[in-house]
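Inspection log for the structure reproduced underneath, given as structure tokens.
For ligands, and for the atoms within them, numbers begin at 1 and follow the listed sequence. Just so we're clear, the structure is a prediction, and the values are computed from it rather than from any experiment.
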Amino acid sequence: MSKNKKRIKIEINGIVQGVGFRPFIHALAHKYKITGFVSNTSQGVVIEAEGMQKALDDFLSYINHKPPSLVVLTQITNQSIPLQHDKTFTIRASALPSKTATLISPDISICNDCLQELFDPNNRRYLYPFINCTNCGPRYTIIDNIPYDRPYTSMRHFAMCITCQSEYDDPHNRRFHAQPNCCHDCGPQVTLYSRDRAELAIRNDAVDNTIRLLQTGHIVAIKGLGGFHLVVDAANEVAVKNLRLRKKREEKPLAVMVRDLESAKSICALTQEEESILSTPQCPIFLADKRQEDPLAPSIAPGCDQFGVMLPYTPLHHLLFQGACSALVMTSGNISEEPICTGNEEAFEQLVDIADFYLVHNRDIYLRNDDSIVMRLAGDSRLIRRARGYAPTPLFIQNRGPAVLGVGALLKNTICLLKDDKAYLSQHIGDLENLAAYGFFQKTIAHLKRIFAVEPDLIVHDLHPGYLSTRWAQDQKDIPLLGVQHHHAHLAACLAENRVSGPVIGLMMDGTGYGSDSTIWGGEILIGDFQTFERCGSFEPMPLPGGDAAIREPWRTALAYLYETFGYNLPHLPFLADHDINPILEMLSKDINSPKTSSCGRLFDAVAAMSGGKQVIRYEAQAAIEFMQTAGEVDGEPFSFEIIEQNSFFQLPIRPIVRSVVEALLAGQSPTIISQRFHRTLIDILTTAALHARARSGLRTVALSGGVFQNRLLFKGLLHSLAKDGFTVLTHSLVPTNDGCISLGQAMIGRYTMNG
Ligand code: ZN
Ligand code: ZN
Ligand code: FE
């Protein structure tokens, strides 16, 4: 009988650690009467399986086709080896870390089994805020090193009690080798503190008290999975206003966590697809259309037709919803634009002027991770902030080569490490404009290098000499550097995510990117691939009086565009009366501190402000967002536009558009009509530009990238229009279309440059 037996060694790469893979293999071996062992390695998982040929075939096929839901298999190899005649199938302890790393799972929201136990009075983990199992719980944020084993996580400080240990050791248990496994007796605990750090309550008393505090309008800083949140009752207008005031966050929408899908539906209109995005295990913040009448405080998202909503994703969140509040504001626990706090001490110090109370716990967060943000657009869910639940899942790219690090741009910075055929895009780091964000940036680079065991052969940075990311790259010794143009990186990121090598036509529409000619670009028509690009057209450069000041105050941009079009014969538009325009005109006429930009984002600002829209913004792109909402749909005649070809460069002049907009305004057309026509104009001019680029190059594929494509009307309209003209259109969904994608594009260009 045993003569017909065979033994194979199976090596598996992918996300196979910390996701219940070994117990699954163990159970499967039992089912097919296979002996041998399974073990975690630094590369993934190795299995030696001994059994009948048919059983081995079925075993392999099952692994390939029906792995547990969080498992991602990237490579499976097997080879015959000599029989060992084991009696049983065992799970062996992990080998020591080697030079190559396995994939690490992102943090996953609480699973249904754990949720049921959480609210089962007979369960020993009843109401325990840190319940988890191999199918759910913290991962990326608690890992310090590889392989993913308890001693390399922040759970190392908690010795398992006998009961937890027996679950951990039992291959038939759902908590078999669940690294963060713990319970009331042996695991982390929550504590409630006052603002002056007096301990008020511990354990479930702390939770109960927090619920009461929230119900009575207090602001509580609550330590979560990837950092602190500032939390208030979302139905309490006074509390929400108070939070805004203390956080100095005037108008930017606040994210809301709702008790369940029903509560979500009471504030947002959700389609079935949208409901399923909201309930994915990643639990992102989803941008959903507000209902006409919703029960939430008006100050949560003033001037905005959408809410950012998410479902509870940790056991602690579920416990907080036991009280009367069915929606809680959950905004990042930070001061102004700095990274969210992760440590208890840090939170006590930094949030002291904001929070009334602190609900903290003693499980350390090793790496900060914000909530991810997803929007649904043109049939796809699209990440616009990629962080918790997604990072550090790699993107699989279509080539191999040297290890490359891309360090990203300025705003919405991420970093990206390429290793073999995987791109490890970091979580959202934020705007690299303060020291705290810069520290987080450096820490993330070191962390990703360590947990994925990779040392880059090349570092790629933006061309902007002043960015902290560029300076960091230039400070690294003994590693070759490459500077890559911002919009070329946008194009490459879009190609990489779509696994297309190009060349393609790129419509790169965003706010600001340093150009190859040292001017500010931002409305670019490129033709390119991973190696090179040609700038074959752009919007006409226009001045920005005061530079960044004009970005914060769109009325300045509007005035500049009018001045460029009409000179001192300014049309009598109402918005001009509200501002002291003479100093700005002086700057413009003397060309003082008025850098020129071809930015599409600024064109939006200018037209919005001259139509009476937002004159001064409180958060990025506010004027453009509100202007888009004013339109509601794309409609009406486009404004006059033309495309001028000069020395084989297509210029998209701004002045004819401005003149035409002013005519419509003076004729009394409403902001709604102006905005509808303006969106139509952009769709038409960009489609025409793509047709020009096609006529020249013969290319029929267009890549869209840049923050402007978060504009729902423009994006959908342009997609439709390009498709009608026979273009294949590549867009972003797995990585953000905004500057969160830059590091990926940079790294890919670096890889191709090195591969030659
Ligand atoms: Zn679970
Ligand atoms: Zn225990
Ligand atoms: Fe950009």
### Query
Hey, does the side chain of Ser372 reach the backbone of Ala387 with a donor-acceptor pair shorter than 3.5 angstrom?
yes
#### Entry: Charged tip of Arg388 within 45° of Tyr313 ring normal and under 6.0 Å
yes
### Metal check, the Fe ion (ligand 3) vs His487 N/O/S, cut-off below 2.8 Å
no
### Query
Rounded to the nearest 0.5 Å, what separation is found between the CE atom of Met628 and the CG atom of Leu713?
5.5 Å
## Note on the structure
Given a cut-off of 2.8 Å, the protein N, O or S atoms lying below it from the Zn ion (ligand 1) are Cys111 SG, Cys114 SG, Cys133 SG, Cys136 SG
### Message
With heavy-atom distances below 4.5 Å as the criterion, would you say the side chains of Leu482 and Val404 are in contact?
### Response
no
### Query
Quick check: does any side chain N or O of Gln116 sit under 3.5 Å from a backbone N or O of Asp113, one acting as donor and the other as acceptor?
no
### Task
Give me the ring orientation class for Phe530 and Tyr752: parallel if the planes are under 30° apart, tilted from 30 to 60°, perpendicular past 60°.
parallel
### Query
At distances under 2.8 Å, what protein N, O or S atoms surround the Zn ion (ligand 2)?
Cys161 SG, Cys164 SG, Cys183 SG, Cys186 SG
### Query
Which single N/O/S atom of Asp510 lies at minimum distance from the Fe ion (ligand 3)?
OD2
### Task
Would you mind naming the N, O or S atom of Asp739 nearest to the Fe ion (ligand 3)?
OD1
### Query
Are the charged groups of Glu497 and Arg386 less than 4.0 angstrom apart, N to O?
no
### Query
What is the ring orientation for Trp521 with Phe533, classed by angle as parallel under 30°, tilted 30 to 60°, or perpendicular over 60°?
perpendicular
### Message
Between Arg139 (side chain only) and Cys136 (backbone N and O only), is there a donor and an acceptor less than 3.5 Å apart?
### Response
yes
#### Entry: Point-to-point distance, once rounded to the nearest 0.5 Å, from CD1 of Ile110 to CG of Leu225
11.5 Å
### Heavy-atom side-chain contact between Asp605 and Arg602 under 4.5 Å
yes
